[in-house]
2 protein chains.
Amino acid sequence: MKEKINNLTIKMLAKELGLSVSTISKAIRDSHEISDGTKERVNALVQKLNYIPNPYASSLGSRNSKTIGVVLPEVTDSFFAQAINGIECVAQENGYHVLIYLSHENFEKEKKILKDFESGRVDGVLISVAKETIQHCHIDALMDKAVPIVFFDRVMDEVTTAKIITNDYESARLATEHLIKKGCNRILFLSFSHTLSIICKRLAGYKKALLDNQLKYADNNILTFGNDAKKDYLLLQKKLKSASKGVGILASVEKLALPIYQACEDLQLSIPEDIQVISFSNSDSAAFLHPPLTTITQPAFEIGKTAASLLVKALERRNFELRNEEIIVPSTLVVRKSTIG
Amino acid sequence: MKEKINNLTIKMLAKELGLSVSTISKAIRDSHEISDGTKERVNALVQKLNYIPNPYASSLGSRNSKTIGVVLPEVTDSFFAQAINGIECVAQENGYHVLIYLSHENFEKEKKILKDFESGRVDGVLISVAKETIQHCHIDALMDKAVPIVFFDRVMDEVTTAKIITNDYESARLATEHLIKKGCNRILFLSFSHTLSIICKRLAGYKKALLDNQLKYADNNILTFGNDAKKDYLLLQKKLKSASKGVGILASVEKLALPIYQACEDLQLSIPEDIQVISFSNSDSAAFLHPPLTTITQPAFEIGKTAASLLVKALERRNFELRNEEIIVPSTLVVRKSTIG
DNA sequence: TTTATTTACGAAACCGGTTTCGTAGAAAAC
DNA sequence: GTTTTCTACGAAACCGGTTTCGTAAATAAA
């Protein structure tokens with residue numbers, strides 16, 4: 001590792017211009033205390049010498065870092081990828097930096113990440129919690145330190161702050177109803193958590209649709225995937241094998257969709273003739289699957305953007321407090337061939 | 001915005017224990033200068049009071065931030081998503097933080113991002129350059145400041161540093177040859193850049209395969225997508241419409257695959273009977289497209305991991321200098337139904 | 001026993017900015 | 001003409017750690 005170059009400091013600029021350090025600092029940040037003439041002189045030198053302030057010194061002095069922390073369960077999911085896109089967009093526009101952390105659905109990791117945030121590393125946090133997360137003490141601890149937090153997608157109702165979500169309940173209800181209308185008399189719900197906000201709401205929507213349409217809810221229609229992909233797959237296969245015609249499946253997240261296709265292929269079941277499928281999914285390829293997958297498409301980019309915007313607002317506005325509110329950006333049901341036209 | 005809580009500082013710990021500030025600092029970082037007994041006392045208090053050091057103060061004093069900057073052209077691409085995963089994995093293991101930036105394929109943005117890095121915000125950089133990037137002065141400038149940089153996937157040969165890539169040339173050659181063997185006598189190459197390292201190499205591999213198999217290279221077999229998706233699509237459609245049987249397509253990146261499927265659908269051309277298709281892609285859904293897409297699957301996670309590991313090594317080891325080397329992690333050709341079995 | 005090391009710690013400078021507060025001179029108000 | 005208010009700037013404390021260097025006491029070597 002090469003030695004770091006002796007970097008340009010504000011002190012050197014000050015000496016060069018015969019001004020004080022504080023004047024330079026203020027001039028650079030366009031303070032009203034400094035005359036236009038001086039600002040111009042300073043900026044000229046800054047340009048000429050390619051001076052770039054040390055962000056850590058700034059952060060230390062000003063106790064804010066222009067950095068937001070983003071905590072995700074995973075990134076290889078179209079939803080989260082698009083959400084990052086939205087977040088980064090807003091961040092870039094507003095001069096914020098984005099620190100990204102993956103909890104890998106693991107509560108302990110999530111705790112560790114938030115713990116670190118208590119150091120003041122980030123000005124604010126955007127989080128979509130891990131599926132394992134049921135307590136919120138780690139979040140409370142962070143909020144106690146006055147770090148603004150905005151939830152997106154996977155929220156915790158018990159925490160008093162802003163949450164950007166989609167209409168999980170309603171879209172699951174709609175999707176389920178769609179399946180029913182297309183002739184399904186038994187509908188499987190693919191889940192991967194018993195506690196996650198989005199799953200609970202989607203499940204509730206599913207139940208509501210059943211109820212509205214005189215279908216009985218049955219526990220054995222709920223398939224909850226765990227951490228053992230192979231085992232889960234076999235479970236699904238078994239379930240599908242025993243399924244008669246008129247079965248529909250609602251997959252509550254994107255990654256559960258492909259196993260269904262796999263199982264149908266393996267069992268030589270045809271979609272949608274034998275089984276109709278709808279999945280929550282933001283994948284572009286949904287339209288080109290065999291057959292094209294009917295999806296509930298979430299406004300992922302929008303959600304990321306909204307969450308980031310709100311956080312930024314909370315950070316910039318002196319008298320803006322994050323309210324305990326839910327902002328709902330609706331999803332859309334995109335009907336394709338995996339359900340009967 | 002609530003006021004920040006008066007945070008615990010090392011000074012307060014020092015007073016509490018009747019030790020000096022420097023002793024506390026050293027004890028926390030497990031310095032050999034401090035006795036085990038003292039360390040224990042310090043750590044006990046740290047635990048008890050939940051003391052977390054201010055990272056910006058540490059960074060300022062120690063001139064390193066335990067942060068790496070990751071610059072990507074985009075994130076909604078399986079390759080980059082998986083690469084991030086690999087990067088984050090290594091980062092988490094080694095106590096590094098990951099700042100993420102998207103260039104959105106835009107050179108000016110990329111320049112701006114790297115410029116900011118000159119501030120010392122990050123200890124090292126992982127970058128996959130934008131498609132617009134043909135100069136490397138912004139990268140040179142950063143390297144002049146002794147910031148270690150590791151390229152991954154989209155590299156710049158002219159820059160003297162480590163590069164983690166896949167065997168672009170070879171896998172494109174292989175894929176093209178595969179198409180030829182399956183009966184294609186004309187092969188289109190879908191591109192989206194004339195300058196990007198990966199594209200150039202893939203194109204070269206494509207050419208080599210043509211040459212080896214007595215097929216003529218023709219400029220009008222190269223389709224270069226630009227920024228106007230609609231226009232590009234029409235171009236592709238036009239090209240396919242005029243295509244006779246025995247045409248194959250090699251898509252040089254993931255996002256170019258779906259438009260092909262779209263066009264074939266619109267033109268009622270059947271894959272693989274009328275047109276055979278291979279694409280570079282890391283998408284899980286490739287296997288479930290209609291028909292399943294033959295892909296060149298890149299070791300994205302591995303590439304991210306390798307790049308990050310190397311960077312970390314360069315940062316941790318005092319006498320480890322990043323060499324001007326290419327580390328090649330090979331891709332695999334996964335044959336599916338979009339080419340004739 | 002004397003000298004040379006080692007061990008364990010503290011004082012103080014330092015990292016590179018920001019912020020507070022004080023003030024000279026100019027402008028405005030009376 | 002005097003007092004008041006701005007304006008534009010500087011000195012110095014501060015942010016919260018790290019690092020260097022000096023040293024007393026303990027231990028080892030001679």
Side-chain angles (χ1 to χ4, degrees), chain A residues 3-43 45-46 49-67 116 118-121 123 145 318, chain B residues 3-43 45-46 49-67 116 118-121 123 145 318:
Chain A
E3 280 314 307
K4 296 270 163 73
I5 305 311
N6 178 27
N7 246 326
L8 210 50
T9 71
I10 228 176
K11 205 169 294 177
M12 300 158 93
L13 297 185
K15 195 183 296 176
E16 183 77 18
L17 290 177
L19 290 169
S20 80
V21 166
S22 52
T23 300
I24 306 285
S25 172
K26 289 169 189 166
I28 288 173
R29 279 167 307 128
D30 199 30
S31 161
H32 65 91
E33 285 185 44
I34 305 300
S35 73
D36 292 343
T38 305
K39 279 180 191 169
E40 274 169 35
R41 284 179 61 211
V42 172
N43 285 326
L45 192 64
V46 162
L49 267 43
N50 186 33
Y51 166 77
I52 304 172
N54 180 315
Y56 297 127
S58 303
S59 295
L60 186 56
S62 65
R63 355 159 88 51
N64 75 319
S65 60
K66 276 279 185 180
T67 302
D116 172 76
E118 290 184 32
S119 68
R121 187 184 299 279
D123 293 345
K145 299 241 172 187
R318 199 97 208 83
Chain B
E3 280 313 307
K4 296 271 180 275
I5 306 309
N6 179 27
N7 247 326
L8 209 51
T9 71
I10 228 176
K11 205 170 295 177
M12 302 158 93
L13 297 186
K15 195 183 296 175
E16 184 77 17
L17 289 177
L19 290 170
S20 79
V21 166
S22 51
T23 301
I24 306 284
S25 172
K26 289 170 190 166
I28 288 173
R29 280 168 306 129
D30 199 30
S31 161
H32 65 91
E33 285 184 47
I34 305 300
S35 72
D36 291 343
T38 305
K39 280 181 190 169
E40 274 170 36
R41 285 179 60 211
V42 172
N43 285 326
L45 191 64
V46 162
L49 267 43
N50 186 31
Y51 167 76
I52 304 172
N54 180 314
Y56 297 127
S58 304
S59 295
L60 186 55
S62 65
R63 347 154 98 47
N64 75 317
S65 59
K66 276 280 185 180
T67 302
D116 172 75
E118 291 184 32
S119 68
R121 186 183 299 279
D123 293 345
K145 299 242 174 186
R318 200 98 209 86

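So that the names make sense, note that chain A is the first sequence line, chain B the second, and so on, each numbered from 1.
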Let me know the distance between [atom1] of [X] and [atom2] of [N], rounded to the nearest Å.
| X | N | atom1 | atom2 | value |
| --- | --- | --- | --- | --- |
| A/Ile28 | C/dT18 | CD1 | P | 7 Å |
| B/Tyr56 | C/dC14 | OH | P | 26 Å |
| A/Glu40 | D/dA8 | CD | C1' | 15 Å |
| A/Lys11 | D/dG10 | NZ | P | 15 Å |
| B/Lys39 | C/dT7 | NZ | P | 12 Å |
| B/Ile24 | D/dT19 | CD1 | P | 16 Å |
| A/Lys66 | C/dG17 | NZ | P | 18 Å |
| A/Lys15 | D/dC9 | NZ | P | 21 Å |

Side-chain donor or acceptor of A/Lys26 under 3.5 Å from a matching atom on the base of D/dG10?
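Indeed, a donor on one side and an acceptor on the other fall under 3.5 Å apart.
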Distance-only donor-acceptor test (3.5 Å): side chain A/Ser22, base D/dA11
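A donor-acceptor contact between them is present.
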Please compare B/Thr23 and B/Gly61 by the position of their nearest nucleotide in DNA chain C and report the one closer to 5'.
B/Thr23
Answer yes or no: does a side-chain N or O of [X] lie under 4.0 Å from OP1 or OP2 of [N]?
| X | N | result |
| --- | --- | --- |
| B/Ser62 | D/dT18 | no |
| A/Arg63 | D/dC14 | no |
| B/Arg29 | D/dG17 | no |
| B/Ser35 | C/dT7 | no |
| B/Thr38 | C/dC9 | yes |

Apply side chain to side chain donor-acceptor pair (under 3.5 Å) to A/Ser22 and A/Ser25, showing your working.
CA-CA 5 Å; A/Ser22 52; A/Ser25 172; over 6 Å; no
The side-chain contact (heavy atoms from CB on, under 4.5 Å) partner of B/Tyr51 among B/Val46, B/Asn43, B/Asn7 is B/Val46
Looking at A/Asp116 and A/Arg121, is there a salt bridge between them, counting it only when a charged N and a carboxylate O are closer than 4.0 Å?
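Result for this pair is yes, salt bridge flagged.
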When rounded to the nearest 0.5 angstrom, what distance separates CD in B/Glu16 from NZ in B/Lys11?
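If we round to the nearest 0.5 Å, B/Glu16:CD and B/Lys11:NZ are 15.5 Å apart.
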Name the closest nucleotide to the A/Thr9 side chain, picking from C/dG10, C/dG16, C/dT19.
C/dG16
Please compare B/Glu33 and B/Leu60 by the position of their nearest nucleotide in DNA chain D and report the one closer to 5'.
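The 5'-side residue here is B/Leu60.
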Could you tell me whether the side chain of A/Arg29 reaches within less than 4.5 Å of the side chain of A/Ser31, counting heavy atoms only?
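The answer is no, as the side chains (C-beta and beyond) never meet within the 4.5 Å cut-off.
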